[in-house]
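In what follows, chains carry the letters A, B, and so on, assigned in the order in which the sequence lines appear, proteins first and then strands, with residues in each chain numbered from 1.
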Amino acid sequence: MPELPEVEVVRRGLSRRLTGTALDAVEVVDPRILRRHVAGPEDFRARTAGAVVTDVVRRGKYLWLELDSGEALLTHLGMSGQLLLQPPDVPDERHLRLRVALGGDPGCELRFVDQRIFGSMAVTAMVPAPDGRPGGTGSTGRPPAALLPAPVAHIARDPLDPHLDEGLLLRRLLVRRSGVKRALLDQALVSGIGNIYADEALWRAGVHYDRSAAGLTRPGALRLLEAVRTVMGEALAEGGTSFDSLYVNVNGESGYFDRALAVYGRAGLPCRRCGTAVRRDPFMNRSSFTCPRCQPRPRPGSGRGPRRAVRANRASSG
DNA sequence: AAGGCCACCTGCTTGC
DNA sequence: TGCAAGCAGGTGGCCT
């Protein structure tokens, strides 16, 4: 469910309250939420008990609490995960999976609520970031350590990360022969983009999802990356996208960006630019939404000519 | 390398 | 009214 803007809203909410706070008793309501903590719930409790949160950091859709033990409490929200800060006397949510009491504050606890349980929590070791730069987006004012939770080591930087190497990303994107949306969704190429913002950015850039990434021009790819940044920045300013109660911030409040969506979830409704009916296509076991006029489908075999020749020359000479 | 398909889960909506 | 199928913000594995 949540993509980068939604996770960043959650990160900011947690950071305000948790930085400098010790974690206290953990109640594992449903152990399936810890399936990625392979050592089991007892070990999870032991590693979190008494640990002080030194920063709350995000890369793409991954979020972690840096702990003074040197480990990280890593979270992914999956499709339906929520992290809530609640007074303990609020009744348990229907899909409450895990509860963490906070040291020195009987008035607030951290709850992980997740309907579908695609989300998870784990305590993990920190490893050096492959590029040696700060691992993600934090809040302390000083840069986060140049470290990453081990399971995040393969995740690329996201479009809002000041340490993103844009030249490198464009070079890698422009040699991909896969469809451009498939590339945008590849978290090892660029992270944080999911089905909503991929479709919205492609619409803004006037690019069909099935165009070959390698068929883009460099300025075209740059425009697409700028469209991703713009749509994510606007969504962040609106508190994220919620079209139902499954996405909320740490206080349980919805974001408003769904009102600004141009194509996502709008099959049959008029394109906000030209009025043509928005089209829904099956894509990777889910859906893609496009304006057929603003984002014409590529002709079969188009968009790979000159670059394919360049690649072939390179391949034959090295 | 790239793409197709599936699994992991629950719950809501749609169609017969 | 019931029941089945389809759909949902993600990730990752296995197979071609």
Original post:
Any Lys/Arg nitrogen of A:Arg204 or A:Glu234 sitting under 4.0 Å from an Asp/Glu carboxylate oxygen of the other?
Top reply: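 A salt bridge is present here (some side-chain N lies under 4.0 Å from a carboxylate O).
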
Subject >> Electrostatic pair A:Arg47:A:Glu42 at N-O distance under 4.0 angstrom >> reply: no

Starting at [atom1] of [X] and ending at [atom2] of [N], how long is that distance when rounded to a whole Å?
X	N	atom1	atom2	answer
A:Asp210	B:dG3	CG	P	9 Å
A:Ile117	C:dA8	CD1	P	20 Å
A:Leu185	C:dT11	CG	P	9 Å
A:Arg59	C:dG10	CZ	C1'	18 Å
A:Leu63	C:dG9	CG	P	21 Å
A:Asn285	C:dA8	CG	C1'	12 Å
A:Leu4	C:dG10	CG	P	12 Å
A:Leu246	C:dG10	CG	C1'	13 Å

Original post:
In the strands shown, is C:dG9 matched to any nucleotide by a Watson-Crick or G-U wobble pair with both distances under 3.5 Å, and which?
Top reply: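 Answer to the pairing question: none, since C:dG9 forms no Watson-Crick or G-U pair.
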
Original post:
Using purine N1 to pyrimidine N3 plus N6-O4 or O6-N4 for Watson-Crick, or N1-O2 and O6-N3 for G-U wobble, both under 3.5 Å, which nucleotide pairs with B:dC9?
Top reply: none

Original post:
DNA chain C: A:Pro151 or A:Arg116, which has the more 5' nearest nucleotide?
Top reply: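 First, find each residue's nearest nucleotide; the 5'-ward one identifies A:Arg116.
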
Original post:
Between A:Glu93 and A:Gln86, is any pair of side-chain heavy atoms under 4.5 Å apart?
Top reply: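 A side-chain contact under 4.5 Å exists here.
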
Subject >> Check: A:Phe243 and A:Leu261 side chains under 4.5 Å, non-hydrogen atoms >> reply: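 SC-SC contact between A:Leu261 and A:Phe243 confirmed.
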
Taking only side-chain nitrogens and oxygens of [X], does any of them come within less than 4.0 Å of OP1 or OP2 of [N]?
X	N	answer
A:Ser178	B:dG3	yes
A:Asn195	C:dG9	yes
A:Arg36	C:dT11	no
A:Gln115	B:dC9	no
A:His154	C:dT11	no
A:Arg97	B:dC9	no
A:Ser287	C:dA8	yes
A:Arg94	B:dT10	no
A:Lys61	C:dG9	no
A:His76	C:dT11	yes

**OP:** Let me see the working for A:Ser287 and A:Asp281 under side-chain contact (heavy atoms from CB on, under 4.5 Å), right down to the final yes or no.
**Re:** CA-CA 6 Å; A:Ser287 299; A:Asp281 297 320; over 6 Å; no

Original post:
A:Thr75 and A:Trp64: side-chain contact (heavy atoms from CB on, under 4.5 Å), yes or no, with the steps?
Top reply: CA-CA 6 Å; A:Thr75 304; A:Trp64 62 94; over 6 Å; no

With a non-hydrogen cut-off below 4.0 angstrom, is [X] in contact with a base, only sugar-phosphate, or nothing?
X	value
A:Arg32	sugar-phosphate
A:Tyr197	nothing
A:Gly179	sugar-phosphate

Original post:
When only distance counts, do a donor and an acceptor, one from the side chain of A:Arg176 and one from the base of B:dA1, lie under 3.5 Å apart?
Top reply: no

Original post:
Under 5.5 Å between ring centres and under 30° between planes: true for A:Phe118 and the base of B:dC8?
Top reply: yes

**OP:** Indicate whether A:Tyr247 forms a stack on C:dG9; treat it as stacked only if centroid distance is below 5.5 angstrom and interplanar angle below 30 degrees.
**Re:** no

[atom1] spacing across the pair [N] / [M], given as an integer number of angstrom:
N	M	atom1	result
C:dG9	B:dT13	P	16 Å
B:dA7	C:dA5	P	14 Å
C:dG6	B:dC6	P	12 Å

Original post:
Using a distance-only test with no angle check, is there a side-chain donor-acceptor pair under 3.5 angstrom linking A:Arg280 and A:Tyr264?
Top reply: no

Original post:
Given C:dT11, B:dA2, C:dG10, which nucleotide is nearest the side-chain atoms of A:Tyr62?
Top reply: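 My answer, after comparing the listed nucleotides, is C:dT11.
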
